[in-house]
K.L.:
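To start, I am sharing the structure in question, which I have written as structure tokens.
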Amino acid sequence: MPDPQRHDYAVALCCDRNYYHLALFMIWQIAHYNPHRRFDIVISSMDDLELPDWAKALGVIFHATGALPDYAEVARFGGSLAMLYRLNLVAELGHRYRRILYLDSDMFVEGGDLNRLFEIDLGPHPIGAVLDAPFFYEPNYRAKEFVLADLPALPYVNTGFQLINSSVYAEQEVARRSFEFCKTHPQAIVLTDQSMTNLALRGGFALLAPCWNWQTNGRYPLIPMRYPVFFRHFIGRIKPDRESKGAFDARFNHAYRHFFEAMRPEALPLIASPADPMPMPLRDLANIMLRHHRGAGILRRMLTRFADPYRAEI
């Protein structure tokens, strides 16, 4: 990885060529919201990606990740393997960075002081993360992986946002233990590395406030009107850069379009057309209100439980 390296904390995004344009957009947002950052920004990829001049000026670092270990059995996974390479981060970068904030590339940044986040107490845990989306609308949620592995209901996190304590992660051999589940419980690997890491740690996470990885953008679009969300995560197959039916706020498509017009025009053809600006049909509005009403009790408990975004539940 090239010099200069300035800090002992890093934000890291693992992506391939297909998600590179979204990773660049996130980096631009992170730099905007953290003008006095005390962390490096790293893009890690197996692809030979060229950093644009503006990213180089921000000090963004490109890291060419190595191959996954032989015991990873990558042949069993279809599609992109980029998400698996986050399991390489500590082995490859942990000697340089005490903490690594791993981020998926399908997020939209709206705030949050990452300098403060890097300093929070994670207790004895290797990772700080946010509970997965079903915990915010399904009482007594038991992840499918735990059912298939004959495990009880345990905290299960979304691994698209991970605050990693490098030394603890290495000491607990999280990557090796995660890959081992490909052999011991192959039937329980539902969501690649997310399944693997949750099976390996079995609830052994520091839990972060949901504002750091807000996953219910379609289900609860009204909550952020009062609850400040820092990182919106567009889980599932529908991403805001490709969505034109009005499932998400029009401002997301507009923000992507504005960025690519100015900073990466060759990516403009990847952006969907804007949604119809006409008022929402009554049926759609009624569905939003019904989901909001049904989830109000769980949401109230969760937002009260994680009231301080700079304090983890350990």
Side-chain angles (χ1 to χ4, degrees), residues 22 25-26 28-35 103-114 116-117 120 128-139 141 157-158 160-161 163 207-259 271-313:
L22 297 182
F25 175 72
M26 281 188 64
W28 180 70
Q29 290 187 306
I30 290 167
H32 171 75
Y33 282 107
N34 297 270
L103 302 173
D104 274 357
S105 300
D106 56 347
M107 290 183 161
F108 192 96
V109 185
E110 297 193 286
D113 185 344
L114 294 185
R116 288 184 64 189
L117 179 67
I120 69 172
V130 176
L131 289 168
D132 203 31
F135 283 92
F136 295 86
Y137 55 80
E138 186 175 326
Y141 176 66
V157 301
N158 181 282
F161 186 108
L163 181 58
L207 298 179
L208 304 178
C211 59
W212 292 111
N213 187 0
W214 185 253
Q215 306 156 56
T216 55
N217 301 284
R219 181 175 290 268
Y220 298 131
L222 302 181
I223 295 299
M225 292 179 65
R226 294 190 175 184
Y227 176 67
V229 168
F230 298 155
F231 281 68
R232 290 180 182 261
H233 190 182
F234 295 95
I235 59 175
R237 296 183 177 182
I238 301 176
K239 309 301 181 185
D241 62 315
R242 302 292 181 92
E243 199 281 322
S244 59
K245 295 183 179 180
F248 304 122
D249 291 4
R251 63 191 180 89
F252 299 129
N253 180 282
H254 177 77
Y256 283 114
R257 186 170 298 279
H258 173 75
F259 171 78
I271 308 303
S273 302
D276 184 347
M278 292 299 102
M280 182 181 296
L282 181 60
R283 179 178 179 178
D284 293 347
L285 183 61
N287 285 333
I288 289 174
M289 295 304 298
L290 182 60
R291 289 194 298 268
H292 184 94
H293 175 71
R294 286 176 173 172
I298 293 178
L299 284 168
R300 188 176 294 110
R301 291 191 295 273
M302 282 294 192
L303 299 186
T304 300
R305 176 180 172 184
F306 298 102
D308 186 348
Y310 298 101
R311 183 175 181 178
E313 183 181 288

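Owing to the predicted nature of the structure, the values given are computational and were not obtained by experimental measurement. Residue numbers count from 1 along this sequence.
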K.L.:
Looking at residues at least two apart in the chain, or sitting in another chain, which of them share a side-chain contact (heavy atoms from CB on, under 4.5 Å) with A133?
P.N.:
Y137, Q215, T216, I235
K.L.:
Quick one: list whatever passes ring-ring contact (aromatic ring centres under 6.0 Å, His included) with Y310, sequence neighbours left out.
P.N.:
W212
K.L.:
Please list all pairs passing the side chain to side chain donor-acceptor pair (under 3.5 Å) test where one or both residues lie in residues 226-240, with sequence neighbours left out.
P.N.:
D104-H233, D106-H233, D106-K239, E110-R232, N158-H233, N213-H233, N217-R232
K.L.:
If you measure from OH on Y33 to CG on L114, what distance do you get to the nearest 0.5 Å?
P.N.:
12.0 Å
K.L.:
Can you name the residues that form a salt bridge (charged side-chain N to carboxylate O under 4.0 Å, His left out) with D276, not counting sequence neighbours?
P.N.:
none
K.L.:
Tell me, which pairs form a side chain to side chain donor-acceptor pair (under 3.5 Å) where one or both residues lie in residues 280-299, sequence neighbours left out?
P.N.:
none
K.L.:
Hey, is CG on L285 packed in by over 12 heavy atoms from elsewhere, all under 6.0 Å?
P.N.:
yes
K.L.:
Of all residues at least two apart in sequence or in a different chain, which pass the ring-ring contact (aromatic ring centres under 6.0 Å, His included) check with F136?
P.N.:
none
K.L.:
List in chain and number order the residues that pass side-chain contact (heavy atoms from CB on, under 4.5 Å) with A272, two or more places apart in sequence or in another chain; answer none if no residue qualifies.
P.N.:
S244, N253
K.L.:
Would you say the side chain of L208 lies within less than 4.5 Å of the side chain of I120, judging by non-hydrogen atoms?
P.N.:
yes
K.L.:
Return the set of residues passing salt bridge (charged side-chain N to carboxylate O under 4.0 Å, His left out) with R305 (not counting sequence neighbours), or none when no residue passes.
P.N.:
E313
K.L.:
Apply ring-ring contact (aromatic ring centres under 6.0 Å, His included) to F259 and list each qualifying residue two or more places apart in sequence or on a separate chain.
P.N.:
F25, W28, W54
